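Notes to accompany the following structure.
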Amino acid sequence: MSNSVGAVIVAAGRGTRMGTVESKQYLLLQGKPIIVHTLEVFQRHPLISQIVLVTGKEDVDRCREWVKTYRLDKVISVVTGGSERQHSVHRGLRHLQTAWVMVHDGVRPFVQINEITACYELAREIGASVLAVPVKDTIKQVDKDGKVLSTPDRRSLWAIQTPQTFRLSELLAAYESAERDGFLGTDDSSLAERSGIPVAVVEGSYANIKITTPEDLDFAEFTQRSRGEVQT
Ligand SMILES: Nc1ccn([C@@H]2O[C@H](COP(=O)(O)OP(=O)(O)OP(=O)(O)O)[C@@H](O)[C@H]2O)c(=O)n1
Ligand SMILES: C[C@](O)(CO)[C@H](O)COP(=O)(O)O
């Protein structure tokens with residue numbers, strides 16, 4: 001139990017920026033739903049013993065079917081999410097029984113096995129970890145009228161991805177505290193940070209995109225095809 005690792009995969013969003021009728025996590029990539037590609041990476045990882053999939057109420061049945069069809073036997077529960085990502089993660093966390101948890105976006109199917117391992121190892125050492133990449137562009141802080149306020153030093157800026165790894169009990173406490181205080185964050189680490197949990201970054205890959213807008217689908221098709229060709 002002390003080293004056991006579970007994953008909460010969140011897929012209860014509506015994908016409004018993608019603009020498709022079908023929610024983006026269920027669009028097909030090389031003939032398979034994006035969410036299944038994501039689940040398969042965690043299913044394959046030897047460290048992961050349990051997976052909780054969080055999805056929309058109307059999608060629970062088809063997700064359970066895919067769990068059977070694709071033999072995703074580490075998936076212990078398919079549960080319904082909430083109106084914000086944070087609520088969906090919180091619901092998922094309550095169903096895990098492991099010591100450690102990795103929270104991951106269902107629409108990041110290109111995370112690699114070695115990245116998951118590195119995230120777990122750094123979390124064990126530091127307390128918590130997030131996968132991330134250094135930003136490539138210059139970032140400016142801009143006010144509501146479009147006026148540039150400052151240019152932060154790029155060397156200290158990282159674009160944060162998932163997985164994000166924590167002790168399950170500590171992350172649950174951070175989620176309870178955020179709920180009590182009405183704090184809404186855009187990632188899990190921001191809740192951990194405000195609870196005083198030390199978090200460190202693991203340098204990942206620019207390929208671990210969050211499929212968000214239509215142009216991401218071209219990249220996703222290309223990446224999935226080329227990875228398939230390398231494996232065959
Ligand atoms: N209420 C929500 C919102 C988001 N997510 C999940 O969190 C991940 C990251 O969210 P994002 O890519 O921003 O997805 P959406 O919220 O679906 O996209 P949009 O903001 O364009 O509607 C996705 O796997 C999404 O399904 C979730 O489980 N529950
Ligand atoms: C958690 C996350 O993937 C980190 O990049 C991201 O913040 C989630 O995106 P959302 O738009 O806030 O749902």
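Order of listing sets the numbers, starting from 1, for every ligand and every atom in it. Keep in mind that this is a model prediction, so the values were computed, not measured.
- Protein residues are said to neighbour a ligand when one of their heavy atoms lies under 4.0 Å from it; for ligand 2 these are Arg17, Arg85, Asp105, Arg108, Ile160, Thr162, Thr186, Asp187, Lys210.
- The option from Gly82, Gly81, Ala11, Gly19 that lies nearest to atom 1 (N) of ligand 1, judged by heavy atoms, is Gly82.
- Other cluster members for Val142: Val148, joined by side-chain heavy-atom distances under 4.5 Å among Ile, Leu, Val, Met, Phe, Trp and Tyr.
- Between Phe219 and Phe110, the ring-plane angle classifies as perpendicular under the 30° and 60° cut-offs.
- Among protein heavy atoms, atom 8 (C) of ligand 1 sits closest to Asp105 OD1, 3.4 Å.
- Between the side chains of Asp73 and Gln43, at least one donor N or O lies within less than 3.5 Å of an accepting N or O.
- For ligand 1, the polar-atom distance check against Thr16 finds a nitrogen or oxygen pair separated by under 3.5 Å.
- Every residue meeting the side-chain hydrogen bond (donor to acceptor under 3.5 Å, both in side chains) condition with Ser177, not counting sequence neighbours, appears here in chain and number order: Arg194.
- Using bins of under 30°, 30° to 60° and over 60° for the plane-to-plane angle, the ring pair Trp100/Tyr120 lands in the perpendicular bin.
- Within the structure, every pair that satisfies the salt bridge (Lys or Arg N to Asp or Glu O under 4.0 Å) test and touches residues 107-134, not counting sequence neighbours, is listed here: Asp105-Arg108.
- One option in Arg91, Lys24, Arg17, Arg85 has a heavy atom closer to atom 13 (O) of ligand 1 than any other, and that option is Arg17.
- When the options Gly15, Gly106, Gly13 are ranked by their closest heavy atom to atom 18 (O) of ligand 1, first place goes to Gly15.
- Ligand 1 has at least one atom lying under 4.0 Å from a heavy atom of Val107.
- Glu40 has no carboxylate O lying under 4.0 Å from a charged side-chain N of Arg227, or vice versa, which leaves the two without a salt bridge.
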